[in-house]
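Worth knowing before you read on, the calculation uses all heavy atoms, side chains too, and leaves out hydrogens, waters and symmetry mates. Lettering follows sequence order; numbering is per chain, from 1.
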Amino acid sequence: MFDIVFWILALVTVGAALAVVVLRDVFRAALSLVLLFLTIAVIYITLYADFLAVVQVLIYVGAVSILIIVAIMLTRDVWHGNPSGKLRIPALVVSLLLLGTMVFTMINTKWETSGEPPMQPTTAAIGLSLFGGGGFILPVEITAVLLLAAVLGAILLIREK
Amino acid sequence: MSVGLEHYLVLSAVLFCIGLYGVLAKRNAVVILMCIEIMLNAVNIALVAFSRYVVPMFLTGQIFAIFVIVVAAAEAAVGIAIIIAIYRSRQSVDVDKFDLMKW
């Protein structure tokens, strides 16, 4: 049962990612990107990462895709289609080479997997290790500064002169 | 063969390479940004899969994935701001025409 779910998810995910690259209409490519984000949220659920699945839906499906669609609509009048540039063939070769290398390495490596059952639910444990003592509190603080810088930078870049 | 760590890693590699192809080959700057998001999501799948199968009693991989998501959101905001700023001055989102920093 679990295997069938995984294979369906993998097919839909790879199909949606290919559609982002292949589709001629940029807006349809953005919609298939939304489908990709949603299926990745379901993949997180199959990996027992319930909190991450919710975060994925909130941030990617909710916020990032809206940003991208707004950007497409703002720049749409100059752009019809989603063509490839001069580097199409070299890019294809480089991607396939990297894919072959990575798949070869991943299949031939003896991963030391642990047989323990996964922790669930994860929300309380993630909160404890993010904000608790000896955890990731310093990266969280740095993330706050990063977000402030990103917001200020976006406003500054997009301001009317 | 039941689904294990390798399956998730190969799925992540496939997604990463699709995103890499898009970043290298596409001419529309917004599509390039979308492909960067695909690559970041592929890396997140690998991190969460390692967290699930290698150290299921710790959540380090999931916490790394949360930080990747935060940085990706900041990157998307700044990237789209840059694209729209260039679009205002050049009336184009074609990366072949973005030669502002060429000397």
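Only the side chain of A:L36 has a heavy atom closer than 4.5 Å to any heavy atom of chain B. Looking at A:T46, the atoms closer than 4.5 Å to chain B (heavy atoms on both sides) sit in the backbone and in the side chain alike. Contact annotation for A:L47: both backbone and side-chain heavy atoms come within less than 4.5 Å of a heavy atom of chain B. Heavy-atom distances place no part of B:V23 under 4.5 Å from chain A, backbone and side chain included. Residue A:A63: no heavy atom, backbone or side chain, is found under 4.5 Å from chain B. Looking at A:M106, the atoms closer than 4.5 Å to chain B (heavy atoms on both sides) sit in the backbone and in the side chain alike. Heavy atoms closer than 4.5 Å to chain B are found in both the backbone and the side chain of A:L18. Using a 4.5 Å cut-off between heavy atoms, A:A30 touches chain B through backbone and side chain atoms alike. In this structure, the portions of A:V14 lying under 4.5 Å from any heavy atom of chain B include both its backbone and its side chain. Heavy atoms of A:V140 lying under 4.5 Å from chain B belong to its backbone as well as its side chain. With a threshold of 4.5 angstrom between heavy atoms, A:L98 approaches chain B through its backbone and through its side chain.
Here B:Y87 contributes atom OH and A:L74 contributes atom CG; the two are 8.0 Å apart, rounded to the nearest 0.5 Å. In this structure, CZ on A:F51 lies 11.0 Å from CG on B:L59, to the nearest 0.5 angstrom. For the atom pair CD1 of A:I40 and CG of B:N41, the computed distance is 4.0 Å after rounding to the nearest 0.5 Å.
Aromatic ring orientation, A:F6 versus B:H7: perpendicular (interplanar angle above 60°, classes split at 30° and 60°).
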Run A:L52 and B:I69 through side chain to side chain contact (heavy atoms under 4.5 Å, CB included) and show every step you take. CA-CA 10 Å; A:L52 258 184; B:I69 288 176; 3.8 Å; yes

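Counting all heavy atoms, side chain and backbone alike, B:I80 lies closest to A:A71 at CG2-CB, 3.6 Å.
Not one N or O on the side chain of B:R52 forms a donor-acceptor pair closer than 3.5 Å with the backbone of A:Y44.
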